[in-house]
**Q** 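Dropping the structure in here first, questions after.
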Amino acid sequence: MKLSLRNIIARHNPIALLDSSSTSASACNPTTTLGQVLQIHGQLLVHGRLHDPDVFDQFVAAVALAAGIASPFLLQYSHRLLDHSPHSDSVFLLNSLIRAHIRGPDPGHAFHFYRRLLGSLSPDRFTFTFLVSACVKAAASPFSAASVHAAAIRRGFASDPHVHSALIRMYAEFGDLEAALRVYSEVRDADTVARTAMLGALAAAGEIDHARELFDDMPSRDPIAWNAMIAGYSQVGRSREALQLFSSMQLEGMRVSEATLVSVLTACGHLGALDQGKWAHSYLQRNRLRITVTLGTALVDMYSKCGDTEWAMEVFWRMQEKNVYTWSSAMSGLAMNGAGKECLKLFDQMKELGLLPNGVTFISVLRGCSVAGLVEEGRQHFDSMHEKYGINPWREHYGCMVDLYGRAGLLDDAVDFINNMPIEPHAGAWGALLNACRIHRNIELGEYAMKKLVEVESRNDSAYVLMSNMYAESRNWEGVNDVRESMKGKGVRKEPGCSVMEVGGEVHEFFVGGKSHPRYKEIVLMLQEISRKLRLAGYTAKTNEVMFNIEEEEKEDALRLHSEKLAIAFGLIALDEGTCIRIVKNLRVCWDCHDTSKLISRVFQREIILRDRNRFHHFKDGTCSCKDFW
DNA sequence: ATAGGGTTAG
């Protein structure tokens, strides 16, 4: 096989042959594509510049950067480059190749170039930084982590901050936080680089508060340290702290980069903080940051999770480069927002473009079918997973199928499906059946689903809540009590309901029955006002979906204090008239809150968008986008 | 000239 760069790229990414903007090797950056490198290669050849050793080295560095695209020919191509080198091996050249292979299809190849380097040259501190990173990526290599560490010490590079940083990340990645701390303790007074690595390792290990201590103790913090800390909060779901830190970061005049914004957008999506998300979007436009695939996908996801599918799709279609994450994210957003048909249409377009869906894509596809009630189509997609794409369904896909049948009222088919699953049905499958039973009010089957669910996962609090709600809806208070007792007996505690809402760029939190909000008194007054207006409109609280069998009056009180009601009341107080009320709730919405929200949307002429644990509810003029079906 | 942070979708 002829291994010209042109051949490699043509096979790897033929479209990339057509587009190019860079003209010199030094113009390359980590987002440069192999196609662009090819253009540079051509120009350098034409002008005979590749005979210049410095230009050649630069060119190799450029290729190494572009190797983020996992080319299966990377190894052969690296050898070819070395064979054609106009000068003997240089440390820079071999370092570049080592680095290239870390991100390539087989990181173990990095060691090959290390051996070659040892043949005639001495490694430097860069070599070790890359080599340690290679250890992380290529677990099975002849150079064990310890031996690389030992070599770094032997050659006197073990006190370099970047080598430290790589070692800390390596040990943390292998789950040996002790070893990472040992390396770190050797450089206690060390600079920002090593501290940032330790901070990141702690955050990744779930020790986010210890990470924060380290961060606060740092004598000086650079943007990378800030990013590591913000990302840490964002990943563990402490989104408010992520956003707070982001605003401090800006107050300190730190440079905001793509990495920062990806974490910030993730946090905004998690919280449903649309205003802050929009602000981040306009920030990157104002500062002309390139919308990379990752950043664009994060934007699509943020808008979707804030219930703004129009903007999500606007960003989606404007993106020049989209990958399977981008498509899956957009599809998931549409399905979540009840736009099942649009989700499936997008799936067709994705396939037409020749992009391969993966397992996650299919979760969105099946959810799209489910919310659109397209049972047969869902079945076909499910079958095509294995037949056309060689993807073995995961438990999540089986759960989606149970939901698809169950939601459509085909409870027998749902049960059949569970009984014929090739894997042991997990809690998700039984939970989907239980939810279907709740929707279609089949208590008997619901009890069976519950029994099975508890067998595989006895501490699933949402199952108990679902079951209890089912009994309550049919006024079976004995059943409600039994569920309650059984929860007590097993020590299962219901996750407290919590709603968050953004007002004026600030995120407010409301807990079920909670009085902690500083404007609680006004909220109570507003709740009374809501109650009065709804009564005038002919509505009396439906008191059939409460956890406990209590006196009627108390029940109404208990209902009013569900966190989403507190949030809606505060929204009516604090948001300008005509502004949509956007709420994110951690549990599923109950029947009464759903009904009340519909009525408020009509009586107060206010649009309410509520994201619950499962999907979106867009309340407008007395109806909900879920068609009372969630 | 090469190095630390971040990898987005369920």
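In the text below, chain A, chain B and the rest are named by the order of the sequence lines, each starting its count at 1. All values derive from a computational prediction rather than experimental measurement.
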**Q** Contact class for A:A197 vs. all strands (heavy atom < 4.0 Å): base, sugar-phosphate, or nothing?
**A**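 If one applies the 4.0 Å heavy-atom cut-off, A:A197 turns out to touch nothing in the nucleic acid.
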
**Q** If you only use heavy atoms from C-beta on, which nucleotide in B:dG10, B:dG4, B:dA9 is closest to the side chain of A:N358?
**A** B:dA9

**Q** Write down the distance between CD1 (A:I168) and P (B:dG4), rounded to a whole number of angstrom.
**A** 14 Å

**Q** Considering only side-chain heavy atoms of A:D160, which listed nucleotide, B:dG4, B:dA1, B:dA3, is closest?
**A** B:dA3

**Q** Quickly work out the A:E258 CD to B:dT8 C1' distance and round it to whole Å.
**A** 9 Å

**Q** Applying side chain to side chain donor-acceptor pair (under 3.5 Å), can you list everything that pairs with A:R588, at least two apart in sequence or on another chain?
**A** A:N435

**Q** What about A:R99: does its side chain form a donor-acceptor pair under 3.5 Å with the base of B:dA3?
**A** no

**Q** Looking at B:dG4, B:dT2, B:dA9, which one has an atom nearest to any side-chain atom of A:N95?
**A** B:dT2

**Q** Where the side chain of A:V360 is concerned, which of B:dG4, B:dT2, B:dA9 is the nearest nucleotide?
**A** B:dA9

**Q** Of the non-hydrogen atoms in A:A436 and A:R407, which two are nearest, and what is the gap between them?
**A** CB-N, 4.1 Å

**Q** Side chain of A:V262: nearest nucleotide among B:dG4, B:dT8, B:dG10?
**A**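 Nearest listed nucleotide: B:dT8.
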
**Q** From B:dA3, B:dA9, B:dA1, pick the nucleotide closest to the side chain of A:F92?
**A**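 Of the candidates, B:dA1 comes closest.
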
**Q** Separation of A:D301 atom CG from B:dA9 atom P, in whole Å?
**A**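 It is 5 Å, rounded to the nearest whole Å.
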
**Q** Taking side chain to side chain donor-acceptor pair (under 3.5 Å) as the test, write out the residues that go with A:D612, two or more places apart.
**A** A:H617

**Q** Do A:N323 and B:dA9 have a side chain to base donor-acceptor pair shorter than 3.5 Å?
**A**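 For A:N323, whose side chain was compared with the base of B:dA9, there is no donor-acceptor pair (under 3.5 Å).
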
**Q** Kindly write out the residues that satisfy side chain to side chain donor-acceptor pair (under 3.5 Å) with A:R221, not counting sequence neighbours, or none if the list is empty.
**A** none

**Q** Can you find a donor-acceptor pair, distance only, under 3.5 Å between A:S328 side chain and B:dA9 base?
**A**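 When only heavy-atom distances are counted, A:S328 does reach the base of B:dA9 through a donor-acceptor pair under 3.5 Å.
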
**Q** Do the side chains of A:M313 and A:L334 get nearer than 4.5 Å, heavy atoms only?
**A**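 Heavy-atom side-chain distance check passes, below 4.5 Å.
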
**Q** Is a salt bridge present between A:D222 and A:R255, judged by a nitrogen-to-oxygen distance below 4.0 Å?
**A** no

**Q** Can you list the residues that meet the side chain to side chain donor-acceptor pair (under 3.5 Å) rule with A:N337, with sequence neighbours excluded?
**A** A:H618

**Q** Could you tell me the separation between the NE2 atom of A:H164 and the P atom of B:dG4, rounded to a whole number of Å?
**A** 16 Å

**Q** Any base atoms under 4.0 Å from A:S364, or only sugar-phosphate, or nothing? Heavy atoms, all strands.
**A** nothing

**Q** Once you apply a heavy-atom cut-off of 4.0 Å, does A:T129 come out as touching a base, just sugar-phosphate, or nothing?
**A**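 If one applies the 4.0 Å heavy-atom cut-off, A:T129 turns out to touch a base.
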
**Q** Please list, in numerical order, the residues of residues 234-250 of chain A that have a heavy atom closer than 4.0 Å to any atom of DNA chain B.
**A** A:Q235

**Q** Without decimals, in angstroms, what is the distance between A:F130 CZ and B:dA3 P?
**A** 5 Å

**Q** Go through B:dG10, B:dG6, B:dT8 for me and flag the one nearest to the A:S263 side chain.
**A**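 Comparing B:dG10, B:dG6, B:dT8 against the side chain of A:S263, the answer is B:dG6.
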
**Q** Rounded to the nearest Å, what distance is computed from the NE2 atom of residue A:H101 to the P atom of nucleotide B:dT2?
**A** 19 Å

**Q** What nucleic acid atoms does A:W327 come within less than 4.0 Å of, heavy atoms only: base, sugar-phosphate, or nothing?
**A**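 Touches nothing.
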
**Q** Nearest-Å distance, CG (A:L202) to P (B:dG4)?
**A** 19 Å

**Q** Under 4.0 Å, counting only non-hydrogen atoms across every strand here, what does A:V293 touch: a base, just sugar-phosphate, or nothing?
**A**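 It contacts base atoms.
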
**Q** So, is A:S332 close to the B:dG10 phosphate, meaning a side-chain N or O under 4.0 Å from OP1 or OP2?
**A**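 Affirmative; the distance criterion is met.
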
**Q** Please collect all side chain to side chain donor-acceptor pair (under 3.5 Å) contacts where either partner lies in residues 340-353 of chain A, sequence neighbours excluded, each pair once.
**A** none

**Q** Rounded to the nearest angstrom, tell me the gap between atom CD1 in A:I224 and atom P in B:dA3.
**A** 11 Å

**Q** Between B:dT8, B:dT2, B:dG6, spot the one nearest the side chain of A:T294, thanks.
**A**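 Nearest nucleotide to the side chain: B:dT8.
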
**Q** Choosing from B:dG4, B:dT2, B:dA3, which nucleotide comes nearest the side chain of A:R169?
**A** B:dG4

**Q** Take the angle between the ring planes of A:H101 and A:F113 and call it parallel below 30°, perpendicular above 60°, tilted in between.
**A** parallel

**Q** Scan A:K305 against the nucleic acid and name what it touches under 4.0 Å (heavy atoms): base, sugar-phosphate only, or nothing.
**A** sugar-phosphate

